[in-house]
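Reading through the C-alpha cells given below for one structure.
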Amino acid sequence: MGQGCFSALWRRSTHPADPQPDKIKDAKIIFVVGGPGSGKGTQCEKVVAKYGYTHLSSGDLLRAEVASGSERGKQLQAIMQKGELVPLDTVLDMIKDAMIAKADVSKGFLIDGYPREVKQGEEFEKKIGAPALLLYVDAKSETMVKRLMKRGETSGRADDNEETIKKRLDLYYKATEPVITFYEGRGIVRKINSELAVDDVFAEVSKAIDGLK
Ligand SMILES: Nc1ncnc2c1ncn2[C@H]1C[C@H](O)[C@@H](COP(=O)(O)OP(=O)(O)OP(=O)(O)O)O1
Ligand SMILES: Nc1ncnc2c1ncn2[C@H]1C[C@H](O)[C@@H](COP(=O)(O)O)O1
Ligand SMILES: [Mg+2]
C-alpha cells in the first residue's frame, strides 16, 4: 500500500516544533529484530526484569490503538489482519510518543518489532537517535510457525492463523532481513540463537547487553 496517502491522516501529536524530543536524544536504544514468533517479546520481558529497561513493542502499541476502538484503530486492524505493515509515520510517532512519556524514568529502551524495513531505521535515526545495539533474534521458519500456531490457541491475536503467519513470514524475509544487513555494516548486530530454551536464549541476550558500555 502507498504510505503517503495515510501519513497525513494518521500523524500523531508530535511535530517538529515540539521541544519534548530533547528528552530522548541521549537515550540508550536497543532494536530487537526477528521473524514473527522468533521470541522477541519473550526475551524483552526478561530484559526488563533483569536490566530495568523499558520495553516498547510496535505491535503492542498498534494493538492498543485497535483495542481503543478508534476510527484509526479500525483502519490499523484491517492492515494487521492481512499481515501487512502499517504506515511508517504512524508507527514511528507512536514509538516516539511512548519514549517521551517514559524518558524521565527509563534506563534504556528496547524497541521490539521495529525497524521492519530499512527506511524505518533511517527515519527513526533522523527523528529520535541511533541504536547502540541490534539484537537479531533468529529462529528457523518451521520453529516460528510452530510457536505462532501454538500461541494462537490462546493469544486472541487476529494474525496468529496459518494464512496470515505465512504472509508475515514472507514479508519478514523480504522487507526486514535487509535491516539486519544494513546494521551489520555498523558493527552493532548481535545474532541470538532463539532455537534454544528460553533461559539459554536469554543467556546470549544478557551477554550482548553486558557488552554495551
Ligand atoms: N526459546 C523459546 N522456546 C520455546 N518457545 C518459545 C521460545 N521463545 C518464545 N517462545 C514462545 C512464546 C510464544 O508463545 C511464542 C512466540 O514468542 P513471542 O515472544 O511472542 O514472539 P515474537 O514477539 O517474536 O512474535 P511476534 O513478532 O508475533 O510478536 O513462542
Ligand atoms: N514497525 C512496524 N511497522 C509496520 N507495521 C508494524 C510494525 N510493527 C508491527 N506492525 C504491524 C504489522 C504486524 O504484522 C503487526 C503485528 O506486529 P508484531 O510485531 O508481530 O506484534 O503489527
Ligand atoms: Mg511480539
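Everything numeric in this text was worked out from a predicted model, so none of it was measured. Atoms within a ligand are numbered from 1 in the order they appear, just like the ligands themselves. Positions are given from 1 along the sequence.
- Thr54 and Ser106 get closest at one heavy-atom pair: OG1-OG, 2.7 Å.
- Nearest residue to atom 10 (N) of ligand 1 from Arg63, Arg147, Gln43 is Arg147 (criterion: closest heavy atom).
- Between Tyr53 and Phe109, a ring centre-to-centre spacing not shorter than 6.0 Å is recorded.
- Of the polar atoms of Ala197, none of the N or O atoms is found under 3.5 Å from an N or O of ligand 1, judged by distance alone.
- Residue Leu196 places at least one N or O, backbone or side chain, under 3.5 Å from an N or O of ligand 1.
- Among Leu134, Leu133, Ile188, the one residue that satisfies the side-chain contact (heavy atoms from CB on, under 4.5 Å) test with Ile30 is Leu133.
- Ligand 2 lies under 4.0 Å from heavy atoms of Ser58, Gly59, Leu62, Arg63, Met80, Glu84, Leu85, Val86, Val91, Gly113, Tyr114, Arg116, Gln120, Arg157, Asp159, Arg168.
- In the candidate list Arg151, Arg157, Lys46, Arg151 is nearest to atom 20 (O) of ligand 1, counting heavy atoms.
- Residue, atom and distance of the protein heavy atom nearest to atom 21 (O) of ligand 1 are Gly39 N, 3.3 Å.
- Between Tyr183 and Phe31, the ring planes are perpendicular. Angles over 60° get that label, and only those under 30° would be called parallel.
- Judged by the 6.0 Å and 45° rule, Lys46 forms a cation-pi pair with Phe202.
- Atoms of ligand 1 found under 4.0 Å from any heavy atom of Thr42, numbered from 1 in the order shown, are 9 (C), 12 (C), 17 (O), 18 (P), 19 (O).
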